[in-house]
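In this text, all values refer to a predicted model and were calculated from it rather than measured experimentally. So that the names make sense, note that chain A is the first sequence line, chain B the second, and so on, each numbered from 1.
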Amino acid sequence: MRREVAMHAEMKDDHEEAELHRIRHSAAHIMAQAVMEMFPGEAKIAIGPPIEDGFYYDFELPRGLTPEDLEALEKRMRQIIQGDFPFERKVVSASEARRLFSDQPYKIELIDGLEQGGVDEYGEPTAVKPEISIYTHDSFTDLCRGPHVERTGRINPAAVKLLHTAGAYWRGDEHRQMLQRIYGTAWETGEQLEEYLWKLEEAARRDHRRLGRELDLYSVSDEVGPGLILWHPKGGLVRKISEDYCRAEHAAGGYDFVYSPHIGKSQLWETSGHLDWFRENMYSPIDIEGQHYYLKPMNCPFHLQIYKSQTRSYRDLPLRYAEWGTVYRYERSGVLHGLLRVRGFTQDDAHLFCRPDQMPVEIDRVLQFCLQLLRAFGFREFQAYLATRNPDKAAGEPEQWVAPTEALRAALERAQISYRIDEGEATFYGPKIDLKVKDALSRAWQLSTIQFDFTLPERFGLTYVGEDGKEHQPYMIHRALLGSMERFMGVLIEHFGGSFPVWLSPVQAVVIPIADRHVEYARRVAETLATGGLRVNVNDRNERMNAKIRDAQTQKIPYMLVVGDKEIANGSVALRLRSGENPGPVSIDAFQKRAAQEIAGHV
RNA sequence: GCCAGCGUAGCUCAGUCGGUAGAGCAGGCGUUUCGUAAACGUCAGGUCACGGGUUCGAGUCCCGUCGCUGGCUCCA
């Protein structure tokens, strides 16, 4: 019964999703018509699919679009919608299609692809040779597989909005023409559109770059360089608390801690294969007395050297080497983004070395450990991806990939996490599991990665002496659970909107004396709380209490402790929370208990 | 890297037609001593991203460089 209900709900979702897809796809066509009219004879249309939350269409135009253009296009779209023109589908031959789109080179290319049955509109191979269909509404005809709504009037003119423009390569290929993409969104109702726009605004309010500045967490300096993060005391504290917590968990989980340098000789990176497979992400070598050294893009080769520093017995395994290792990777300037995409970052990295028979257990353990850690930071929803071999970018023989890939899949099954297969998305050295978390706005962020590696133990000749007295090759697993501290902090900031749970808050409480005569008592209270381990300040600025509360609110400090004559008289504090809640007077003792409880509970 | 847009005080932003740079907040100093989201006054703060050009004169127009934003591509 319950199953049935669930399935019914799912079908309803699918149907709604399909209907929204039709609406968005149709809105894209209507937008294309408006653009064609704006640039008669000059606009070249490429593709315009529906996407999550909206649609886009790519154009080649004689000039750049302005925000005013978007307004005009939007206005024209509403007219077309109100015209209530039917969408008419027609199947045509390839030659007929070519004639229809003779002045549209991108469409001609698509038709060629369709005719060969080789590729679809994204350039992806298709299984069967598709029929060529066109859709017409009003004066506009597009090469299109559909589906569409029946009439333009099906679209709610109050629920459509053009958002912004961006450059996009034809078929995503940077060697090809750069087109102008217009992004838009479309919904069933104006309320849904409002809701979506509100979500965009909320995302902007939570933007970690904005909060990073407002809460004085970190900065990026032009003089240091792009993609290189400077952690300020408060951001540094949040990071340190996070790292300390993770270190303690790692220690309890049987990890050993190692440290390695930031550079290593070119020979090392040749042996590891990074110079073959990862060079485009590595910086130019540093010359030291005629030897080339590279800034490390990964920590693994160093950890392998530690493994190799002595003969290992099967009794020593598994070995788990953990390091908060700072790595440097070249990223093209256009992709850098706050803390989420940087050029220098610190991974919570570890390498597991184990016997083949231990491997399933190790993978189970690390997966469980990963989920446990992420839950401790307030994440509840996860999506797993199993990335398989990429034939163009893979070390070793295809057969070598089979067993590890299956081992990871089995681990996912055992952990009972829903997962998807990412065909061909593996690293060059082996298959992997990537884990994404969903944040408070249900946006997905990739944090964790668990990567099997059968190449490095071989390349570096790792061995252990087995029970049989012979040498064997250990299995190796790379894993980063929070991923990079930079990205993780960025995601945390956005997840909590800057209102960190108490245990992570850089300042947990601020004591607010109402007038100067209360400052001394405020200091005594703060001292007591600080002695108890709370991170607490006294706001003794020459300001009114209201201003001090406002300061604390904007800094998103969990506890505000107002003290005045009444509190001094009975040795209490008046508690206010950043939610605006006002629990009022409590004894210092009671407050300490409350705080301790919320800190321990990661509230 | 590519396309488009942007870059004025620590932050948010004005600055008209090319005519010698302005506000609020933040900061310093003073007054005020206040009960749950901004007291009042005063002072200071600028190589208008950087470099070049046009001009009698450039924050403003042109070129280049750097950086940022939205995307494309790629990833922790």
Any side-chain N or O of [X] below 4.0 angstrom from OP1/OP2 of [N]?
X        : N      : result
A/Arg63  : B/rA4  : no
A/Lys432 : B/rA76 : yes
A/Arg176 : B/rC72 : no
A/Arg544 : B/rA39 : yes
A/Arg209 : B/rG70 : yes

Study note, to complete from the structure: Taking a pair to mean Watson-Crick or G-U wobble geometry with both distances below 3.5 Å, B/rC68 pairs with B/rG5
**Study point:** P-based separation of B/rG7 from B/rC13 [nearest Å]
**Key:** 10 Å
Exercise for review: Using the P atoms only, state how far B/rC62 lies from B/rC43, rounded to an integer number of Å.
Suggested key: 39 Å
Salt bridge present between [X] and [Y] (N-O < 4.0 angstrom):
X        : Y        : value
A/Asp439 : A/Arg206 : no
A/Arg550 : A/Glu543 : no
A/Lys296 : A/Glu323 : yes

Review point. A/Glu543 near the nucleic acid: base, sugar-phosphate alone, or nothing, with a heavy-atom cut-off under 4.0 Å?
Key: base
Review point. Between the base of B/rA76 and the side chain of A/Arg479, is there any donor-acceptor pair under 3.5 Å?
Key: no
Point to revise | Any N/O donor-acceptor pair, A/Glu567 side-chain to B/rG35 base, under 3.5 Å | key: yes
Point to revise | Position toward the 5' end of RNA chain B (nearest nucleotide), A/Arg332 or A/Asn281 | key: A/Arg332
Practice item. Take A/Asp540 and A/Arg523 through the salt bridge (charged side-chain N to carboxylate O under 4.0 Å, His left out) test and state the conclusion after the steps. Key: CA-CA 9 Å; A/Asp540 56 4; A/Arg523 291 214 175 102; 2.8 Å; yes
Check your understanding: For A/Tyr183 and B/rG71, are the ring centres under 5.5 Å apart with planes inclined under 30°?
Key -> no
